[in-house]
Amino acid sequence: MNDRDWLTTQYLPKLNGRILYIGVNDYTSHYHNLVGEGSRYESLDCCPIRSAHGSTSAKHHTMFLKDFEDKDLFDHVSMHGCHGHVGHKIDNSSILSDVSKADSLVKVGGTFQFGPTCSKIMAFQESFWEDLIRDNPIFQKYETLYSEAVEWGHNSPDKNYIWWGRKLEE
């Protein structure tokens with residue numbers, strides 16, 4: 001199973017409530033239709049070109065994650081395809097601060113899904129993401145629901161590392 005198949009068949013259909021999906025493109029424009037009925041699906045991307053595909057049931061935010069503020073927490077936050085490659089205003093120097101910011105938006109009992117690329121930049125291969133997830137205290141606050149490097153699909157040799165967890169503590 002490739003990463004987009006996993007997202008569309010195994011992940012998004014299991015989500016209900018208030019959802020923030022970070023990192024959009026033309027192939028994500030239907031994702032808001034895949035979550036539970038009555039859910040509030042918001043999206044965010046810092047790239048104005050990609051933000052044109054920020055279809056939601058609520059609101060799309062065109063900004064850097066670090067600048068996003070909201071008074072209410074989310075049931076689910078997904079940050080998929082936002083690190084580990086270049087272009088579209090991706091800032092790999094902000095990985096830790098982005099993970100921290102995303103975590104701060106998830107309520108206890110909610111979930112966080114992190115899906116960086118692990119085949120485009122030599123410094124960010126699969127072992128880098130495995131070490132980050134194993135050693136970073138933020139990920140220790142979560143029960144891991146899924147963790148695996150999977151291919152992009154479409155005959156691509158590229159992979160994303162998918163990690164998904166449920167937040168157990170603040």
Side-chain angles (χ1 to χ4, degrees), residues 1-47 49-62 65 68 73-90 92 95 98-99 101-103 105-107 109-121 124-126 128-130 132-133 138-139 142-167:
M1 176 176 301
N2 68 51
D3 77 318
R4 295 293 160 185
D5 287 344
W6 181 84
L7 284 167
T8 58
T9 65
Q10 304 298 311
Y11 173 66
L12 291 167
K14 293 179 180 172
L15 304 184
N16 287 291
R18 189 161 185 242
I19 301 154
L20 178 63
Y21 191 91
I22 306 162
V24 301
N25 206 340
D26 59 347
Y27 46 81
T28 68
S29 62
H30 69 290
Y31 283 9
H32 67 285
N33 293 321
L34 302 176
V35 299
E37 189 174 331
S39 293
R40 180 179 167 89
Y41 181 98
E42 299 179 40
S43 60
L44 183 146
D45 201 297
C46 64
C47 176
I49 294 167
R50 288 191 173 198
S51 284
H53 305 291
S55 300
T56 73
S57 64
K59 184 175 184 179
H60 175 75
H61 310 274
T62 302
L65 177 58
F68 180 74
L73 297 177
F74 289 85
D75 297 297
H76 309 282
V77 173
S78 174
M79 184 165 53
H80 198 86
C82 298
H83 298 97
H85 54 92
V86 296
H88 305 286
K89 297 192 173 202
I90 291 171
N92 287 301
I95 295 167
D98 286 350
V99 165
K101 179 66 175 200
D103 167 63
L105 298 170
V106 180
K107 67 182 183 181
T111 68
F112 175 36
Q113 189 271 315
F114 181 55
T117 301
C118 58
S119 55
K120 289 288 190 185
I121 299 174
F124 300 118
Q125 297 299 303
E126 189 174 334
F128 174 85
W129 302 115
E130 289 171 342
L132 176 74
I133 290 164
I138 290 172
F139 293 99
Y142 289 80
E143 165 195 15
T144 298
L145 302 173
Y146 185 85
S147 184
E148 184 177 10
V150 295
E151 295 177 354
W152 282 1
H154 312 292
N155 298 317
S156 173
D158 294 313
K159 290 183 175 184
N160 274 0
Y161 193 90
I162 298 175
W163 179 88
W164 182 29
R166 179 172 321 285
K167 192 170 190 174

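FYI, the numbering just counts along the sequence from 1.
With a 4.5 Å cut-off on side-chain heavy atoms, M79 and L44 do not count as touching. Taking the side chain as every heavy atom from C-beta outward, H76 and Y41 never approach each other to under 4.5 Å. With a 4.5 Å cut-off on side-chain heavy atoms, K159 and Q125 do not count as touching. Considering only heavy atoms from C-beta on, T8 comes within 4.5 Å of Y31 through its side chain. For the pair K167 and D103, the minimum side-chain heavy-atom distance is below 4.5 Å.
Test L15, L12, T9, T28 against L34 for side-chain contact (heavy atoms from CB on, under 4.5 Å) and you get one pass: L12.
Checked against ring pair (Phe, Tyr, Trp, His ring centres under 6.0 Å), Y11 has the following partners two or more places apart in sequence or in another chain: W6, W164. For Q10, there are no side chain to side chain donor-acceptor pair (under 3.5 Å) partners, not counting sequence neighbours. Under the side-chain contact (heavy atoms from CB on, under 4.5 Å) criterion, F139 pairs with V99, F112, F114, L132, I133, N136, W163, sequence neighbours left out.
Note: S78 OG to L20 CG = 8.5 Å, rounded to the nearest 0.5 Å. Expressed to the nearest 0.5 Å, how far CD of E130 lies from CD of E148 amounts to 10.5 Å. The OG1 atom of T111 lies 7.0 Å from the CG atom of L145; values are rounded to the nearest 0.5 Å.
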Begin with the C-alpha distance, continue with both residues' side-chain angles, and end with the deciding distance and a verdict on side chain to side chain contact (heavy atoms under 4.5 Å, CB included) for H80 and I162.
CA-CA 8 Å; H80 198 86; I162 298 175; 3.9 Å; yes
W129 vs I95, side chain to side chain contact (heavy atoms under 4.5 Å, CB included): CA-CA, chis, key distance, verdict
CA-CA 11 Å; W129 302 115; I95 295 167; 3.5 Å; yes
Test log, rule side chain to side chain contact (heavy atoms under 4.5 Å, CB included), inputs F68 and L105:
CA-CA 10 Å; F68 180 74; L105 298 170; 3.8 Å; yes
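Here the closest heavy-atom approach between residue N16 and residue S39 is recorded as CA-OG, 3.2 Å. What you find for L7 and Q113 is that their closest heavy atoms are CD2-OE1, 3.9 Å. Heavy-atom minimum distance, V77 versus F74: CG2-CB, 3.8 Å. The shortest non-hydrogen separation linking C118 to N160 is SG-C, 4.0 Å.
Checked by atom type and distance alone, the side chain of D75 pairs as donor or acceptor with a backbone atom of R18 at under 3.5 Å. Here the side chain of D45 pairs a donor or acceptor atom with the backbone of C47 at under 3.5 angstrom. In this structure, N2 contributes its side chain and R4 its backbone to a donor-acceptor pair below 3.5 Å.
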